[in-house]
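Below is one structure, written out as structure tokens, with a few remarks after it.
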Amino acid sequence: MSKKAKTAIIPTRSEDFSEWYQQVIKAADMAENSPVRGCMIIKPYGYAVWENIQRIFDKRIKEGGVQNAYFPLLIPLEFISREAEHVDGFAKECAVVTHHRLEKDVNGKLQLAESAKLEEPYVIRPTSETIIGDAMARWIQSYRDLPMKLNQWCNVMRWEMRPRMFLRSSEFLWQEGHNAFETKDEAKEDAYKMLDAYADFAENSLAIPVIKGEKTDDERFPGADITLTIEAMMLDGKALQAGTSHYLGQNFSKSCGIKFQSREGGEDFAHTTSWGISTRLIGAMIMTHGDDDGMIMPPRVAPYHVGIIPIIRDYADSDKILNYARDLMDKLKAQGLCVKLDESDVRTGNKMWGMIKQGVPIRVEIGAREVENGTLTHVRRDLGRDSKTSCSVDVFVNSVNDILDLIHNELFTRALKLRDKNIKNIADLSELEAFFKDGNIGFARMDVKLIEDDDYKRICKDYSLTSRCKPFCDNGEKVLVGKAY
RNA sequence: CGGAGUGUAGCGCAGCUUGGUAGCGCAACUGCUUUGGGAGCAGUGGGUCGGGAGUUCGAAUCUCUCCACUCCGACCA
């Protein structure tokens, strides 16, 4: 059997994309399904990616004057109902807490204690606009208290009918930022600014090219005046909303009572924004960069930048090789890199495939030859075995950051090329239908006026399409249409 | 909630039509030989066959009934 033809992930992307996606997660040991339907267990390797996302983005928003805080998981039902559109949008996916105690029945089985039924049920937060708005209403008295910029890293729950790991789980992790401003202009500007932060983060940290744009009316966040989005295209041509930012107008400030004394002495309602990114980004990374051998981690959020594999043929060399490898690891760590030296007692081949499936950006091999010559052999995950290179330890240590940048750029460029190749300009609705009828993948780009047509709704329904966004680069005159996750 | 599948060892599956001692591959464990892109041989351990009820001398297999999961829709970051 030819080893070349063998892929680490079965099935391949072209054979069965959604099964491939599941298998990549499993092979990379990032997450698994939990006993609770719709909820996932994020394993250490997957969580490490999330921690890197948090670390990088948290630093960024703090530089922008945002402060972290924490608000309760449980939201009084009455809070959620304050904003009419908001409650309509989320009612169908709310998990509700109705009791605060369990008790044993006559058979010794646990049941809900009737005596402990809550007067007013709580909703497990699907998002926190209302409970944060309630606090802001108390905290903001004067224009001098504005702007107020708050963020929390937390979990939220939206009951899902069809969960998919990372992309759509009933419980997921995210950050939700909630900012309040004196004027409309400031708040709107903030919504755009946060979207820029997301786009920059997606492209420069995750190597995922995104299209910034505004959501059409039917796709807008419930309760928002304007919803902005970054849309990414996955390897199968489907769209994925990778981050959103909302200008909420005075909708929530009015329903939550966020008012302040203005400079003129009158009373005014604040203009608020909210903005979020979630663990979904990890799914986006998989479906943007992964290949038939598994994950390819974008270097800037990779749990390990470099994986070192000692190659021991003769146990007499073992100490020599391991010490050499440890020295290298120390040198790399001294540069702030994350390094994994695999000293485990498994076969070399298996170690290599393990690193390939986990998508470690650079793999370094060290055997007796390297120790002898003061060199090492390194391979780029994005380019595969053909990129195998030997050089001295010093050369590698001095160039490793450049190599990581090259990998980042390669991943970004690949994704960008694929995306742009799969955006098709469409003149009218019959062309739109023909495009998706022919089984084409990707986005259709067409005049935004066409979405008013009743036939547009039918085509969307027939081909499970949605309006993804009105890209800024088209001045809001065009709309991107595609299948979405 | 509709439509379609699947539940048998940690994972992937066969066996079911035609009822008769629970199987295979991978993984694990032991030993020897190996080791630069998934090693070979020999051996070992591991199961309420998704749950319950029924038919039968006998059920993984037939009948009924729950349950869970996956995929395709509707809802959505």
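Per chain, numbering begins at 1; letters A, B, ... match sequence-line order. What's counted below: heavy atoms across the whole structure, side chains too, no hydrogens, waters or symmetry copies.
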For this session: Pick the P atom in C26(B) and in C71(B), then give their distance to the nearest Å.
Result: 28 Å

Exercise. Has Arg162(A) got a side-chain N or O lying under 4.0 Å from the OP1 or OP2 atom of C1(B)?
Worked result: no

Problem set entry | Contact summary for Glu370(A) and Tyr324(A), nearest pair of heavy atoms | O-OH, 3.4 Å

Exercise. If you measure only the distance, is there a donor-acceptor pair under 3.5 Å linking the side chains of Thr377(A) and Ser390(A)?
Worked result: yes

Seminar exercise, completed: With sequence neighbours left out, the residues meeting salt bridge (charged side-chain N to carboxylate O under 4.0 Å, His left out) with Lys461(A) are none

For this session: Please report, rounded to the nearest Å, how far the C1' atom of U70(B) is from the CH2 atom of Trp20(A).
Result: 18 Å

For this session: Taking atom P in both U61(B) and G50(B), compute the distance separating them and give it to the nearest angstrom.
Result: 8 Å

Problem set entry | C1' atoms of A74(B) and G3(B), separation to the nearest Å | 12 Å

For this session: Could you give the distance separating U34(B) and C41(B) at their P atoms, to the nearest angstrom?
Result: 16 Å

For this session: Please report the C-alpha distance between Asn204(A) and Asp200(A) in whole Å, then the side-chain angles of each, then the deciding distance to 0.1 Å, and finally whether the side chain to side chain donor-acceptor pair (under 3.5 Å) criterion is met.
Result: CA-CA 6 Å; Asn204(A) 291 316; Asp200(A) 179 69; 2.6 Å; yes

Problem set entry | Set of side-chain contact (heavy atoms from CB on, under 4.5 Å) partners for Ala239(A), sequence neighbours left out | Glu231(A), Phe443(A), Arg468(A), Ala484(A)

Exercise. Using a cut-off of 4.0 Å on non-hydrogen atoms, how would the nucleic acid contact of Lys351(A) be classed: base, sugar-phosphate, or nothing?
Worked result: nothing

Seminar exercise, completed: From CZ of Arg37(A) across to P of C1(B) the rounded distance in Å is 11 Å

Exercise. When the nearest nucleotide of RNA chain B is assigned to Asp293(A) and to Phe172(A) on a heavy-atom basis, which residue is associated with the more 5' position?
Worked result: Asp293(A)

For this session: Would you please name every residue forming a side-chain contact (heavy atoms from CB on, under 4.5 Å) with Glu171(A), sequence neighbours left out?
Result: Cys39(A), Asn155(A), Met157(A)

Exercise. When rounded to the nearest Å, what value does the distance between P atoms of C67(B) and A60(B) take?
Worked result: 23 Å

Exercise. Under the side chain to side chain donor-acceptor pair (under 3.5 Å) test, which residues partner Gln175(A), sequence neighbours left out?
Worked result: Asn151(A), Tyr198(A)

For this session: In whole angstrom, give the distance that lies between atom NZ of Lys26(A) and atom P of C69(B).
Result: 16 Å

Exercise. If each of Gly354(A) and Asp218(A) is mapped to the nucleotide of RNA chain B with the nearest heavy atom, which maps nearer the 5' terminus, i.e. the 5' end?
Worked result: Gly354(A)

Seminar exercise, completed: For nucleotides 28-36 of chain B, 5' to 3', base contacts (B), sugar-phosphate-only contacts (S) and non-contacts (-) with protein non-hydrogen atoms under 4.0 Å give ------BBB

Exercise. Of all the nucleotides listed (C71(B), C75(B), G37(B)), which has the minimum atom distance to the side chain of Arg363(A)?
Worked result: G37(B)

Problem set entry | Pairwise C1' distance, C49(B) and G19(B) [rounded to whole Å] | 15 Å

Exercise. Within the structure shown, what part of the strands sits under 4.0 Å from Ser169(A) by heavy-atom distance: base, sugar-phosphate, or nothing?
Worked result: base

Exercise. If the C1' atom of U8(B) is compared with that of C13(B), how far apart are they to the nearest Å?
Worked result: 9 Å

Problem set entry | Under 3.5 Å side-chain donor-acceptor pair for Gln152(A) and Ser128(A) | yes

For this session: Grab the CD1-P distance between Ile309(A) and G37(B) for me, whole Å please.
Result: 10 Å

For this session: Scan Leu167(A) against the nucleic acid and name what it touches under 4.0 Å (heavy atoms): base, sugar-phosphate only, or nothing.
Result: base

Problem set entry | P atoms of C11(B) and G47(B), separation to the nearest Å | 14 Å

Exercise. Residues in side-chain contact (heavy atoms from CB on, under 4.5 Å) with Thr98(A), at least two apart?
Worked result: Val96(A), Pro121(A)

For this session: Say whether Ser392(A) and Asp394(A), considering side chains only, have a donor N or O and an acceptor N or O under 3.5 Å apart.
Result: no

For this session: Report the residues that fulfil side-chain contact (heavy atoms from CB on, under 4.5 Å) with Pro163(A), sequence neighbours left out, ordered by chain and then residue number.
Result: Arg37(A)

Exercise. Base, sugar-phosphate, or nothing for Ile356(A), non-hydrogen atoms under 4.0 angstrom?
Worked result: base

Problem set entry | For Phe472(A), ring-ring contact (aromatic ring centres under 6.0 Å, His included) partners two or more places apart | Tyr192(A)

For this session: Take the protein atom CH2 of Trp353(A) and the nucleotide atom C1' of C26(B), then report the distance between them rounded to whole Å.
Result: 16 Å

Problem set entry | Stem regions touching RNA chain B, defined by at least 3 consecutive Watson-Crick or wobble G-U pairs below 3.5 angstrom | B:1-7 with B:67-73, B:10-13 with B:23-26, B:28-33 with B:39-44, B:50-54 with B:62-66

Exercise. Salt bridge (charged side-chain N to carboxylate O under 4.0 Å, His left out): which pairs involve residues 339-349 of chain A, sequence neighbours left out?
Worked result: Arg326(A)-Glu343(A)

Seminar exercise, completed: Contacts satisfying ring-ring contact (aromatic ring centres under 6.0 Å, His included) that involve residues 226-248 of chain A (not counting sequence neighbours) are Phe221(A)-His246(A)

For this session: Let me know the distance between CD of Glu160(A) and C1' of A74(B), rounded to the nearest Å.
Result: 12 Å

For this session: May I have the distance from Phe17(A) (atom CZ) to C71(B) (atom P), rounded to whole angstrom?
Result: 13 Å

Exercise. Can you find a side chain N or O atom of Asn33(A) that sits less than 4.0 Å from OP1 or OP2 on U70(B)?
Worked result: yes

For this session: Indicate, with a heavy-atom threshold strictly under 4.0 Å, whether Ala8(A) touches base, sugar-phosphate, or nothing.
Result: base

For this session: Report the distance from atom CD of Glu32(A) to atom P of C11(B), rounded to the nearest whole Å.
Result: 10 Å

Exercise. Does any residue of residues 453-473 of chain A have a heavy atom under 4.0 Å from RNA chain B, and if so, which ones, in number order?
Worked result: Ser464(A)

